[in-house]
Amino acid sequence: MTGGELFILLIFSIPVYGFGIYAYKEPEDSYMMGKRWMYNNEPELSKEAINLHKNISLITIIIWTILLISGFISVFR
């Protein structure tokens, strides 16, 4: 990985982390983003669905952090 590729990875990290944190803090709102038009009333998610959405966002943040760390290690090696 070169320095330019690392810079592009850092630029793409901003929205990934932003949405990951938002999805962890507000799982119901982030799940319904772009899907509200499909329902007449506001649907309620089950506790299992909320926990699954929070876990997926946490796993995404962890994997993206590992990707960034490995990118930094390969550039500055």
Side-chain angles (χ1 to χ4, degrees):
M1 182 177 283
T2 64
E5 292 171 343
L6 183 64
F7 178 73
I8 291 173
L9 186 64
L10 285 172
I11 295 299
F12 283 125
S13 295
I14 295 168
V16 170
Y17 279 120
F19 186 74
I21 292 169
Y22 175 70
Y24 189 78
K25 292 284 192 179
E26 302 289 334
E28 292 180 24
D29 291 339
S30 67
Y31 180 79
M32 295 305 295
M33 190 180 306
K35 297 179 186 177
R36 293 190 195 278
W37 64 271
M38 298 186 330
Y39 304 102
N40 291 333
N41 298 327
E42 184 72 25
E44 291 191 23
L45 296 175
S46 65
K47 291 287 185 186
E48 292 85 16
I50 292 172
N51 286 335
L52 178 67
H53 198 65
K54 287 177 86 169
N55 289 338
I56 289 172
S57 65
L58 188 62
I59 289 169
T60 302
I61 291 172
I62 291 170
I63 290 174
W64 198 262
T65 303
I66 292 170
L67 182 69
L68 277 175
I69 291 172
S70 67
F72 273 109
I73 289 173
S74 69
V75 167
F76 294 112
R77 203 166 221 211

Within the structure provided, determine whether Met38 and Pro43 are in side-chain contact (heavy-atom separation under 4.5 Å). no
Rounded to the nearest 0.5 Å, what's the gap from OG on Ser74 to CZ on Arg77? Could you check? 8.5 Å
Sequence neighbours excluded, the answer for side chain to side chain donor-acceptor pair (under 3.5 Å) partners of Glu44 is none
If the condition is ring pair (Phe, Tyr, Trp, His ring centres under 6.0 Å), which residues does Tyr31 pass it with, not counting sequence neighbours? His53
Same cluster (ILVMFWY, side-chain, under 4.5 Å), Phe76 and Ile69: no
Is Met33 linked to Leu58 within one hydrophobic cluster, defined over Ile, Leu, Val, Met, Phe, Trp and Tyr using a side-chain heavy-atom separation of less than 4.5 Å? no
Group every Ile, Leu, Val, Met, Phe, Trp and Tyr by side-chain heavy-atom contacts under 4.5 Å, then state whether Met32 and Trp37 land in the same group. yes
Tracing side-chain links under 4.5 Å among I, L, V, M, F, W and Y, which residues wind up in one group with Ile63? Ile59
List, one per line, each side-chain donor-acceptor pair under 3.5 Å for residues 6-21, sequence neighbours excluded.
residue : atom : partner : partner atom : Å
Ser13   : OG   : Leu9    : O            : 2.7
Ser13   : OG   : Trp64   : NE1          : 2.6
Tyr17   : OH   : Thr65   : N            : 3.4
Tyr17   : OH   : Thr65   : OG1          : 2.6

Excluding Ile56, membership of its hydrophobic cluster (Ile, Leu, Val, Met, Phe, Trp, Tyr; side-chain heavy atoms within less than 4.5 Å) reads Leu52
Qualifying salt bridge (Lys or Arg N to Asp or Glu O under 4.0 Å) pairs with a residue from residues 17-33, counting only residues at least two apart or across chains: Asp29-Arg36
What is the distance from atom CG of Asn55 to atom OG1 of Thr60, rounded to the nearest 0.5 Å? 10.5 Å
For Leu67 and Ser70, the nearest pair of non-hydrogen atoms, with its separation, is O-OG, 2.9 Å
